[in-house]
Amino acid sequence: MAPIPVSDRKSYDDHIANFWEGIVSSRLAHYDSIARSTSSSLIVNTLQDMDSEHLAMQHAMRAFLSRRNALTPVCRLPPELLARIFKFHADDERAGWSRGMNSSEILGWIRVTHVCWRWRHVAIEHSNLWQDIAIPLGDDWVEEMLARAREAPISVLTFAGDLLSPLNARHVELIGAHLFHLQRLGLHGSDLAAHDLVQALVQPAPMLEQLGVQGNRRSPLVALPANFLGGVAPRLRHVSLENTIHIPWATGVLNGLTSLTIDLSGKKDPHPPPLDSVVSGLGAMRNLQHLTLRYCLPRNTRLPSLPFPHSTAALPHLATLALSGRRLDCAVMLLHLETPSTVKTTVVSDYPSYDGGFPSIFDALSAHRRGGGAVHTLKIISKLLPGYSIESVQVLAWYPDHTTRQPSHSLTFTSSDRRLDLLRDICRAFVTASLKTFVLDVVLEHELWDAQVWREMLGRATGLQDVSALSNSATSLVQALNTEQTGSQSSADAKLFLPALTSLSVSLYTFGFSAWQISVNLREGQFSTGLSLALAARVAAGSPLKVITFHGSKRAAHTWIEELEQVVTVRWAPDTGQR
């Protein structure tokens with residue numbers, strides 16, 4: 001049929017309207033006499049006839065609208081493109097993830113199958129749309145989605161014990177039967193069905209790429225089966241196991257991993273694996289890039305002899321390493337790992353110092369790094385960790401080959417005992433002539449801070465250019481700067497402390513409190529006098545200080561500060577503002 005010219009549109013519309021009105025009128029004419037009839041049975045039969053007429057008209061209208069819709073742009077899209085659009089929608093509105101009680105909302109993207117016959121047909125025919133198996137939709141939907149996915153890779157994420165995702169025995173049976181095309185499995189929570197599902201993971205999983213098992217910390221540990229994944233998971237790359245034990249180090253099923261996390265925080269493995277088994281298993285993971293081991297390290301009673309133990313795990317591609325546990329256990333594990341010099345290392349230890357002492361960690365880190373130069377930036381700060389009532393001491397260290405803002409090493413010690421000894425050991429391990437920047441923000445009792453402590457900590461830092469003392473150690477620091485180091489009794493051997501220093505940052509918070517006013521005023525006087533003498537001594541030695549930055553004082557209009565501004569550049573940290 002040729003298109004109707006625009007000029008003839010009105011006449012055509014009138015013609016069509018008259019045509020259909022004529023047909024309807026001819027059909028209605030059969031019922032004109034019925035309205036005056038008094039026979040109830042005839043009226044009932046007539047109503048049934050008219051319902052049939054109406055139903056037939058609806059079928060005709062649907063056929064007409066279907067033919068019309070087939071000509072619209074959206075219905076002319078190729079099935080593959082339409083399925084791609086559905087996939088984007090499925091990623092954005094996942095089935096089973098709505099927290100509302102509306103049954104339509106919880107279906108998510110599946111509602112597109114209710115729009116029209118073609119959309120439903122396209123959605124059902126494209127198996128990749130049904131990859132994310134929605135456990136909260138119930139048993140029937142789980143079975144239907146598995147059937148529609150056919151052999152496409154599937155993903156299962158369930159929160160065991162959640163009212164919206166009641167994992168049950170039927171789900172365990174279904175998932176176990178489909179391990180052959182399972183691509184991602186995430187199990188969160190811990191109930192009987194969750195344990196049963198873990199125990200069902202005994203068949204080969206040739207398509208599995210990602211596995212996450214997170215047991216409830218208030219429930220018993222989740223134990224992996226002896227024949228985990230039948231020992232076959234060639235595509236497995238990412239594994240995260242929380243509160244899970246019996247890791248299959250020796251089966252080879254984890255050999256292809258690029259990311260491994262094992263976390264037993266708050267739990268204790270009654271039968272921890274032997275060190276050799278763990279080292280051997282890690283050594284087989286040649287492509288590992290990210291390794292996190294929290295409170296699951298093999299227990300050790302002594303540090304192996306340096307420089308290195310006989311057996312090590314070579315991880316040439318490792319980018320991040322995170323260890324948590326006893327200091328001795330962390331140190332031993334570090335010594336058994338051979339990694340690139342650029343690896344970013346994080347260690348958290350929250351056990352008393354008698355487990356092997358602070359030096360074991362630092363010695364192990366030094367040996368573990370195996371080249372790459374000395375630390376050029378070192379920060380030691382106090383930090384309150386979530387879950388701890390005491391301040392921890394955090395050590396952040398950067399090496400020359402690390403150009404990002406993230407530190408090369410991040411160490412956290414949550415015990416508060418022997419804090420001064422800890423600071424000495426940190427500096428003994430990391431401070432060398434190559435150190436350029438040093439930041440200290442750790443509070444100690446005032447009687448422990450003296451010039452000798454600073455000289456012990458930074459005496460070897462002959463190339464140090466920038467020092468920040470942001471705790472209550474500022475006074476003792478300027479006293480150290482005002483004195484000379486001597487290697488013997490002869491004054492000829494005297495040398496300037498921190499000869500390369502050009503920038504100094506100190507905190508004046510200590511001088512801003514009204515309590516203990518006598519002590520505060522005394523320390524302020526010691527600080528200002530000591531700083532003036534230190535500046536003069538450094539000018540005389542030909543190594544003048546160029547910049548002093550003050551942090552955190554509302555009492556900034558001091559006469560001695562105004563005098564300082566005559567001989568050195570004085571700056572104020574952004575948090576205090578300009579005077």
Side-chain angles (χ1 to χ4, degrees), residues 261 282 288-295 297 303 306-308 312-313 315-351 353 356-383 385 392-415 419 421-442 457-458 460-461 463-464 466-468:
T261 296
L282 290 173
L288 199 62
Q289 300 174 18
H290 306 282
L291 175 61
T292 299
L293 301 175
R294 296 193 181 103
Y295 306 102
L297 300 173
L303 196 66
L306 296 177
F308 306 115
T312 60
L315 302 174
H317 303 290
L318 198 66
T320 62
L321 171 64
L323 303 177
S324 299
R326 297 192 315 155
R327 296 190 187 108
L328 180 57
D329 297 337
C330 292
V332 171
M333 182 55 63
L334 284 169
L335 287 173
H336 282 82
L337 297 179
E338 185 176 346
T339 64
S341 62
T342 55
V343 66
K344 292 180 173 62
T345 305
T346 301
V347 177
V348 176
S349 178
D350 58 358
Y351 288 84
S353 56
F358 297 114
S360 62
I361 283 285
F362 306 126
D363 293 341
L365 275 174
S366 177
H368 164 73
R369 183 168 167 81
R370 307 189 183 191
V375 169
H376 72 79
T377 299
L378 181 64
K379 295 184 179 181
I380 310 174
I381 60 178
S382 295
K383 184 178 181 182
L385 287 182
S392 65
V393 174
Q394 187 174 38
V395 184
L396 306 175
W398 284 260
Y399 287 89
D401 50 8
H402 278 242
T403 58
T404 65
R405 293 185 178 182
Q406 297 298 319
S408 311
H409 293 325
S410 175
L411 314 178
T412 301
F413 300 100
T414 57
S415 59
R419 182 167 288 192
D421 290 338
L422 171 59
L423 296 181
R424 286 183 172 130
D425 287 331
I426 292 169
C427 293
R428 187 179 298 115
F430 293 119
V431 172
T432 67
S434 299
L435 188 67
K436 301 301 180 185
T437 301
F438 180 78
V439 176
L440 179 66
D441 189 2
V442 177
M457 293 194 304
L458 299 181
R460 293 182 296 166
L464 189 59
D466 186 358
V467 173
S468 297

Practice item. For R460 and C427, indicate whether the former's side chain and the latter's backbone hold a donor-acceptor pair under 3.5 Å. Key: yes
Review point. Could you state the interatomic distance from OG1 (T345) to CG (L411), rounded to the nearest 0.5 Å?
Key: 8.5 Å
Study note, to complete from the structure: Heavy-atom nearest pair, G325 first then S349, reads O-OG, 3.1 Å
Review point. Hey, mind stepping through L440 and L423 against side chain to side chain contact (heavy atoms under 4.5 Å, CB included) and telling me if it holds?
Key: CA-CA 9 Å; L440 179 66; L423 296 181; 4.2 Å; yes
Review point. Does the side chain of L291 reach to within under 4.5 Å of the side chain of L318, using non-hydrogen atoms?
Key: yes
Check your understanding: Going through the distances and angles, do E338 and L315 end up as a side chain to side chain contact (heavy atoms under 4.5 Å, CB included)?
Key -> CA-CA 6 Å; E338 185 176 346; L315 302 174; over 6 Å; no
Check your understanding: Under a 4.5 Å cut-off applied to non-hydrogen side-chain atoms, are V347 and S410 in contact?
Key -> no
Exercise for review: Measure the spacing between CG of D441 and CD1 of I380 and express it to the nearest 0.5 Å.
Suggested key: 10.5 Å
Exercise for review: Test side chain to side chain contact (heavy atoms under 4.5 Å, CB included) on F430 and H409 and set out the steps.
Suggested key: CA-CA 11 Å; F430 293 119; H409 293 325; 4.0 Å; yes
Revision key, fill the gap. Nearest heavy-atom contact between A374 and T432 is CB-OG1, 3.5 Å
Exercise for review: Could you pull out all residues at least two apart from T320 that satisfy side chain to side chain donor-acceptor pair (under 3.5 Å)?
Suggested key: H290
Check your understanding: Does the S392 side chain pair with the main chain of Q394, one donor and one acceptor, at a distance under 3.5 Å?
Key -> no
Study note, to complete from the structure: Residues passing the side chain to side chain contact (heavy atoms under 4.5 Å, CB included) test with T261, sequence neighbours excluded, are S240, T292, R294
Review point. Do L323 and T346 come within less than 4.5 Å of each other through their side chains, counting heavy atoms only?
Key: no
Review point. Under 4.5 Å between any side-chain heavy atoms of W398 and V375, yes or no?
Key: no
Review point. Are L378 and T437 close enough that some pair of their side-chain heavy atoms sits under 4.5 Å apart?
Key: no
Review point. What distance separates H317 NE2 from Q289 CD, expressed to the nearest 0.5 Å?
Key: 8.0 Å
Point to revise | Note, D329 side chain near Y295 side chain (heavy atom, < 4.5 Å) | key: no
Check your understanding: Is the shortest heavy-atom distance from the side chain of L334 to the side chain of L321 under 4.5 Å?
Key -> yes
Exercise for review: Evaluate the side chain to side chain contact (heavy atoms under 4.5 Å, CB included) criterion for residues I426 and R424: first the C-alpha distance (whole Å), next the side-chain angles of each, then the deciding distance (0.1 Å), finally the verdict.
Suggested key: CA-CA 5 Å; I426 292 169; R424 286 183 172 130; over 6 Å; no
Check your understanding: Hey, what do you get for OG1 (T312) to CG (L337), rounding to the nearest 0.5 Å?
Key -> 8.5 Å
Review point. Is the number of heavy atoms from other residues, nucleotides or ligands under 6.0 Å of K379 NZ greater than 12?
Key: no
**Study point:** Residue pair F413 / V348, side-chain heavy-atom distance below 4.5 Å
**Key:** no
